[in-house]
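Report on the following structure.
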There are 2 protein chains.
Amino acid sequence: MAKPTVYDVAAHARVSIATVSRVLRRPDLVKDSTKEQVLAAVRALGYVPSASARGLAGRTTGVIGLYLPAIDGVDEAALDAAGEDGASATVRVVRDIPDSGSSRVRDLYYDEVLRGAQLEAWRQGFVLTIGVGHGGDPERMVRDMAGRVDGLLIVARSVPEEMLGQLSGSIPIVLIAGPRRGDSFDHVGVANREGMRALTAHIVSELGVRDPVYVFGPEGSPDDAERYAGFVAALASVGVDASALRTLRGDFRREGGRAVAAALVAEGRDALPRAVICGNDQMALGMLDEFGRAGVRVPTDVLVSGFDGIEETRLSSPRLTTVRQPMEELGRAAVRAMVDRLEAPDTAPITRRLPVEVLLRESTETVSD
Amino acid sequence: MAKPTVYDVAAHARVSIATVSRVLRRPDLVKDSTKEQVLAAVRALGYVPSASARGLAGRTTGVIGLYLPAIDGVDEAALDAAGEDGASATVRVVRDIPDSGSSRVRDLYYDEVLRGAQLEAWRQGFVLTIGVGHGGDPERMVRDMAGRVDGLLIVARSVPEEMLGQLSGSIPIVLIAGPRRGDSFDHVGVANREGMRALTAHIVSELGVRDPVYVFGPEGSPDDAERYAGFVAALASVGVDASALRTLRGDFRREGGRAVAAALVAEGRDALPRAVICGNDQMALGMLDEFGRAGVRVPTDVLVSGFDGIEETRLSSPRLTTVRQPMEELGRAAVRAMVDRLEAPDTAPITRRLPVEVLLRESTETVSD
DNA sequence: GTGAAAGCGCTAACAG
DNA sequence: CTGTTAGCGCTTTCAC
């Protein structure tokens, strides 16, 4: 008993295959009584329509693809090793000492984007298929996905610019996050600039720090550039020339934040800046780590802020002031943009910019505050 | 310039479509020189094969589906509201007080399963498509998925038993977690029983508590039943009849744990059990919350343990002793099982049982320990 | 090695 | 309202 097809259902219900198809797609066009027969046959046979056939005939798959960049510490070698179920014990008992699990820190970022995309896709009648980069070239995977979906959502910078060009020739693409792409791609992003501007304004105006230090991420991050632009703008609006201020460079990772903080501490406690504004949360958390170790008090000795709003910022001590990006909403907006694009293929590029939220917490709290 | 097809490529390369197909699927059967021509044409045209057509012709989609149960607090109404991009502000600044974000607590469980499945699927040359239940009936979504994948991974109890029966008639199914299904389904699970047995043994033998109290989840959870069986077994092996011991009933949720703890406290401090062993982490965390509020000290006054190994257990104070399930590995193992099944459709049901890890932490630490 | 031709299961005109 | 009939783009014998 192979998988039943329309033909089987048609035969069973004593109608033509066209009628079966209609019952499933435009039920209103079919007489109630025949509809019943067909439905009964469907149930009896356990018929499930083939998406492949439907896709071929209808030239549309009902699938939206989401491509995410490589997951942090995915270790291919370890994966291979884990590949076989060794005869390992069923239970292992270990004394788990604090901090041993720090390697589990993962950016929840994409999980949330994924969740939002999935939810919205379903609401819109689409299915989501995901591809996650893994080290090397996105090439193969992205191409493969391109062949099986109606449209592709791509997280910024996870795919080389050139491939985007080619791809967009044959399939709609919506870019997620990253730099603004008013030009040639549909794009949903967040208000990086405005968020950092508001945060900086708070620190400068409310807290009276006129010489905050900005900590960059790795060279070439457009998100970081936008954030810094917001930083500069906030300062400019109170008459401070940001280019005269000191800046530091990290790498967007926690470890990098630690290093930057350590360097600062090494210069002497009295030389510490009054406020450190980091390009992302991970670096800020790293600085918190190191300042804590070194006995530098936050916020008493120095104010620290991050950007992104990852979960850990709520759990650090002190809790970290940050700018929360609406990740889940980002995924959702991307799907919406894609659906719009699919409905109107030849309209101008869609650009959506989502609002952010500045979360003021203890890491930037002052006495007078 | 519509999407190029095999015909376009064939014409461009001056060969037949059969040759184009061969170059892409069995390159070894084609002469090098012609292969070159075809590849060149593919590049020139930006050809991407249609997965639908391929699926139809080859009766296999190269897709594995993963169906996850409803996400905790998904609020459909809120989703609708969020549907339109209101003219909301770009930035909002709020003073974020501690604990305000407790609603964001989400079980990371499925995210990890998802990640593992995705990774392994790709390694095996498959693409993963995911479906997440949302409140109501899984029916429609699962059926839809069934039509577009080669096999379906289903998290236990997210789909009614009967539907599983039907489905498995037309498509391979691998159940994830939940009760053992040695019978009629392929299944990957974890060593619930053994894990709880080891944990209980530790508390009984090492810490000398011969009358721990077990806190159940909601009625009818097979996972919980297995865990309790482990609890009973551990006790039995030191000559204690667990059925004579007190048990409590929660609901697997944090709030439920709080309620249970509150009830216990209300009975009087001196009547407190010496150890409380919970069926999952959420309840244990809830108990920690309430004990903390009530001034009951953990582990001094009472020992508390959980089960699952969710992230929050590392961040609570005291950190929670628990049994960590290898979630990511669960997803990976499920995919592997599916691939095996696909390769050998008619072999006996596959059952994989993954080891767990008992993590001893401060919530069960005693002085003598 | 390569080409011709027959489907894979479904949808969508087009008749009736 | 329902049936007939072309394909959709690709894989796969079967010949050559």
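These values consider heavy atoms only, across backbone and side chains, with no hydrogens, waters or symmetry-generated copies. Below, chain A is the first sequence line, B the second, and so on; all start at residue 1.
- Near DNA chain D, meaning a heavy atom under 4.0 Å from it, residues 45-52 of chain B has B/Tyr47, B/Pro49, B/Ser50 in order of number.
- Between B/Leu29 and B/Gly58, it is B/Leu29 whose nearest contact on DNA chain C lies nearer the 5' terminus.
- The pair B/Glu329-B/Arg332 meets the salt-bridge criterion, since a charged nitrogen lies less than 4.0 angstrom from a carboxylate oxygen.
- Rounded to whole Å, atom P of C/dG9 lies 12 Å from atom CG of A/Leu56.
- B/Asp8 pairs by the side-chain contact (heavy atoms from CB on, under 4.5 Å) definition with B/Pro4, B/Thr5, B/Leu45, not counting sequence neighbours.
- You'll find that the side chain of A/Ser21 is closest to C/dT11, out of C/dT11, D/dC10, C/dG9.
- What separates CG of B/Asp8 from P of D/dC8 is a distance of 11 Å, to the nearest Å.
- What separates NZ of A/Lys35 from C1' of D/dC1 is a distance of 12 Å, to the nearest Å.
- Under the salt bridge (charged side-chain N to carboxylate O under 4.0 Å, His left out) criterion, A/Arg54 pairs with no residue at all, not counting sequence neighbours.
- By the 4.0 Å N-to-carboxylate-O rule, B/Asp340 lies too far from B/Arg336 to be salt-bridged with it.
- Remark: A/Asp144 engages A/Arg148 in a salt bridge, criterion side-chain N to carboxylate O under 4.0 Å.
- Within the 4.0 angstrom heavy-atom criterion, no nucleotide atom of any strand lies near B/Val20.
- B/Arg59 has its CZ atom 11 Å from the C1' atom of D/dC10, to the nearest Å.
- The separation between B/Lys3 atom NZ and D/dG9 atom C1' is 11 Å, rounded to whole Å.
- Under the side-chain hydrogen bond (donor to acceptor under 3.5 Å, both in side chains) criterion, A/Glu161 pairs with A/Arg181, not counting sequence neighbours.
- Rounded to whole angstrom, the span from the CZ atom of A/Arg26 across to the P atom of C/dC10 amounts to 18 Å.
- Between A/Asp150 atom CG and A/Phe126 atom CZ the span is 5.5 Å, to the nearest 0.5 Å.
- For B/Arg59, there are no side-chain hydrogen bond (donor to acceptor under 3.5 Å, both in side chains) partners, not counting sequence neighbours.
- Taking 4.0 angstrom as the limit, A/Arg54 places a side-chain polar atom (N or O) nearer than this to OP1 or OP2 of C/dT11.
- With B/Arg22 contributing its side chain and B/Arg26 its backbone, the two residues share no donor-acceptor pair below 3.5 Å.
- Atom P of nucleotide D/dT12 and atom CG of B/Leu24 are separated by 12 Å, given to the nearest angstrom.
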Kindly give the atom pairs (protein nitrogen or oxygen, nucleotide nitrogen or oxygen) under 3.5 Å for nucleotides 4-6 of chain D.
none

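- Between the CZ atom of A/Arg25 and the C1' atom of C/dG9 there is a distance of 13 Å, given to the nearest Å.
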